[in-house]
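First the structure, in the form of structure tokens, and then the observations on it.
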Amino acid sequence: LIFTPHRPESLSKEIIAGLPDKKHKYLILNLFLNTIEKLSYKYCDAFIFPSRGAARIYKRFPGYVRYGMGKPHEYVYTGIRKKEVTIGRETYREKLGIARDTFLIAYIGRHSSIKGYDRLVGIYPGLRDYDIEVAAAGKISDIEFPKDKGWHELGYITDSQNLINAADLVVAPNRDTYFDLIILEALAQGKRVITSNTGGSNDIAKDTSALDLFDNEDESDLLTKILEAKD
């Protein structure tokens with residue numbers, strides 16, 4: 001039995017983060033989900049991860065060190081099929097009310113802390129100082145986004161390739177990551193990507209100069225890397 005885990009945070013953290021009452025501890029649910037995760041590592045025979053960096057984040061997950069570390073591990077890069085662009089850059093921008101010469105950042109993913117959505121929201125005032133606009137797509141959460149003409153909140157979309165094509169830069173400011181598919185999609189479209197030096201992103205960066213890593217321990221470095229990319 002080969003297990004291929006693929007989440008950036010433990011099962012309990014991901015599920016409880018999506019529940020409505022943020023002040024509730026959900027102690028019993030947390031215990032139940034952690035037990036399921038531990039048993040999955042205990043009863044599998046081997047693991048397949050996309051890279052060593054992706055596997056490394058699992059050392060912080062419940063039960064992996066105890067039940068998984070001594071078992072066989074193999075590494076196979078995740079791949080994607082390049083999606084065909086169906087809406088041209090200028091047309092897509094016009095639909096959003098974005099000028100053709102505006103420097104546009106695309107964010108695509110869950111609007112959650114683990115994905116670093118709040119980090120992008122936090123540095124937005126600094127981006128506006130340089131007339132940079134943001135188009136964000138993904139499931140909207142309780143993290144408030146800027147109510148500003150330069151912030152374009154799109155919600156869930158099914159044509160991420162069109163947004164990527166319309167943008168000048170893709171940002172994935174993850175606090176932790178496994179092997180982010182949106183990074184692969186952006187690279188397939190020939191876009192430059194800025195992301196944190198976490199998980200599988202460290203391995204992807206070894207194979208391309210189009211992926212720039214910012215210091216995950218220094219959130220100001222995200223803004224610095226974006227401004228460098230703009231120049």
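- Smallest separation of non-hydrogen atoms from Ile140 and His111: CA-CD2, 3.8 Å.
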Using the rule given for side chain to side chain donor-acceptor pair (under 3.5 Å), can you reason through Thr86 versus Asn162, listing the C-alpha separation, both sets of side-chain angles and the distance that settles it, and then say yes or no? CA-CA 7 Å; Thr86 58; Asn162 291 325; 2.9 Å; yes
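- In this structure, CD1 in Ile132 is found 5.0 Å from CG in Leu127, a value given to the nearest 0.5 Å.
- Remark: Lys38 fails to qualify as a cation-pi partner of Tyr41 under the 6.0 Å distance and 45° angle criteria applied to the six-membered ring.
- At most 12 heavy atoms of other shown residues, nucleotides or ligands fall within 6.0 angstrom of atom NZ in Lys13.
- Scanning both residues, Glu14 and Pro8, for their nearest heavy atoms gives OE1-CD, 4.5 Å.
- By the neighbour-count criterion of 12 heavy atoms within 6.0 Å, atom CD1 of Ile2 is sparsely surrounded, having that number or fewer from other residues, nucleotides or ligands.
- Taking the ring axis of Tyr92 as reference, the NZ or CZ atom of Lys95 stays within 45° of it and closer than 6.0 Å to the ring centre.
- A donor-acceptor pair under 3.5 Å links the side-chain atoms of Arg119 to the main chain of Asn174, judged by distance alone.
- A distance-only check finds no donor-acceptor pair linking the side chain of Thr102 to the backbone of Leu104 [under 3.5 Å].
- Considering only heavy atoms from C-beta on, Arg192 comes within 4.5 Å of Asp212 through its side chain.
- Under the 3.5 Å distance criterion, the side-chain polar atoms of Thr208 are left unmatched by any main-chain donor or acceptor of Ile204.
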Worked verdict on Glu133 versus Ile98 for side-chain contact (heavy atoms from CB on, under 4.5 Å): CA-CA 8 Å; Glu133 297 190 17; Ile98 301 171; 3.8 Å; yes
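- Within 6.0 Å of CD1 on Ile28 lie no more than 12 heavy atoms contributed by other residues, nucleotides or ligands.
- In plain terms, the two heavy atoms of Lys83 and Gln189 that are nearest each other are O-NE2, 2.9 Å.
- Considering only heavy atoms from C-beta on, Pro62 comes within 4.5 Å of Ser10 through its side chain.
- In this structure, Asp221 contributes its side chain and Asp215 its backbone to a donor-acceptor pair below 3.5 Å.
- Tyr107 and Lys115 make their closest contact through OH-CB, 3.3 Å (heavy atoms, listed as atom of the first residue, atom of the second, distance).
- Classified by interplanar angle (parallel below 30°, tilted 30° to 60°, perpendicular above 60°), the ring pair Tyr26/His24 is tilted.
- Taking 4.0 Å as the cut-off between side-chain N and carboxylate O, Lys71 and Asp45 do not count as a salt-bridged pair.
- A salt bridge does not link Asp231 with Lys225: none of the charged nitrogens is closer than 4.0 Å to a carboxylate oxygen.
- A heavy-atom distance below 4.5 Å is not found between the side chains of Asp176 and Glu9.
- Aromatic pair Tyr58/Phe61: centroids less than 6.0 angstrom apart.
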Under the side chain to side chain donor-acceptor pair (under 3.5 Å) criterion, do Asn216 and Thr198 qualify, and how do the steps go? CA-CA 7 Å; Asn216 197 36; Thr198 59; 5.3 Å; no
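- Separating the CD1 atom in Ile15 from the CG atom in Leu29 is a distance of 7.0 Å, to the nearest 0.5 Å.
- Taking a 6.0 Å sphere around CD of Glu228, one finds it holds more than 12 heavy atoms contributed by other residues, nucleotides or ligands.
- Separation of atoms CD (Glu144) and CG (Asp118) is listed at 12.5 Å; rounding is to 0.5 Å.
- Within the 3.5 Å criterion, the main-chain N or O of Glu37 finds a donor-acceptor partner in the side chain of Ser40.
- Put simply, the side chain of Leu227 reaches to within 4.5 Å of the side chain of Tyr130, judged on heavy atoms.
- A salt bridge is absent between Arg56 and Asp203: the closest approach of a Lys/Arg side-chain nitrogen to an acidic carboxylate oxygen does not fall below 4.0 angstrom.
- Ring centroids of Phe3 and Tyr43 are separated by 6.0 Å or more, keeping the two rings apart.
- Residue Lys147 qualifies as enclosed at atom NZ: its count of foreign heavy atoms under 6.0 Å is above 12.
- Tyr117 and Ile114 fall into different hydrophobic clusters, where Ile, Leu, Val, Met, Phe, Trp and Tyr side chains are chained together by heavy-atom contacts under 4.5 Å.
- With rounding to the nearest 0.5 angstrom, the CD1 atom of Ile157 is 5.0 Å from the CD1 atom of Ile108.
- The cluster map of Ile, Leu, Val, Met, Phe, Trp and Tyr, joined by side-chain heavy atoms under 4.5 Å apart, puts Tyr75 and Leu184 in the same cluster.
- The main-chain N or O of Leu31 is found under 3.5 Å from a side-chain atom of Thr35 such that the two form a donor-acceptor pair.
- Rounding to the nearest 0.5 Å places CD1 of Ile194 at 10.0 Å from CG of Leu213.
- For Leu222 against Pro173, the heavy-atom pair with the smallest separation is CD2-CB, 3.8 Å.
- In this structure, Asp168 CG and Phe103 CZ are separated by 5.0 Å, a value rounded to the nearest 0.5 Å.
- In this structure, the ring of His6 has its center no less than 6.0 angstrom from the ring center of Phe179.
- Using a 4.0 Å cut-off between charged nitrogen and carboxylate oxygen, Arg175 and Glu219 count as a salt-bridge pair.
- Using a 4.5 Å cut-off between side-chain heavy atoms of Ile, Leu, Val, Met, Phe, Trp and Tyr, with links allowed through other members, Val170 and Ile105 fall into different hydrophobic clusters.
- There is a path of hydrophobic side-chain contacts, each under 4.5 Å, that joins Ile80 to Leu211.
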Starting from the C-alpha separation in whole Å, work towards a yes-or-no answer on side-chain contact (heavy atoms from CB on, under 4.5 Å) for Val171 and Thr195. CA-CA 6 Å; Val171 173; Thr195 191; over 6 Å; no
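- Residues Ala135 and Leu96 come closest through the heavy atom pair CB-CD1, 4.4 Å.
- Side-chain contact between Glu153 and Phe145 is present, with heavy atoms from C-beta onward closer than 4.5 Å.
- Cluster annotation: Val193 and Leu120 are assigned to distinct hydrophobic clusters (Ile/Leu/Val/Met/Phe/Trp/Tyr, side-chain heavy-atom contacts under 4.5 Å, transitive).
- More than 12 heavy-atom neighbours from other residues, nucleotides or ligands sit within 6.0 angstrom of OH on Tyr77.
- In this structure, the side chains of Ile164 and Val85 stay at 4.5 Å or more apart for every pair of heavy atoms.
- Side-chain contact between Pro72 and Phe47 is absent, with no heavy atoms from C-beta onward closer than 4.5 Å.
- Not a single donor-acceptor pair under 3.5 Å links the side chain of Arg100 to the backbone N or O of Glu90.
- Checked by atom type and distance alone, the side chain of Glu74 never pairs as donor or acceptor with a backbone atom of Ile48 at under 3.5 Å.
- Put simply, the side chain of Asp159 never gets that close to the backbone of Gln161: no donor and acceptor are under 3.5 Å apart.
- With Tyr124 contributing its side chain and Trp151 its backbone, the two residues share a donor-acceptor pair below 3.5 Å.
- Using a 4.5 Å heavy-atom cutoff, the side chains of Phe214 and Ser196 are in contact.
- In this structure, a donor-acceptor pair under 3.5 Å is present between the side chains of Glu185 and Ser160.
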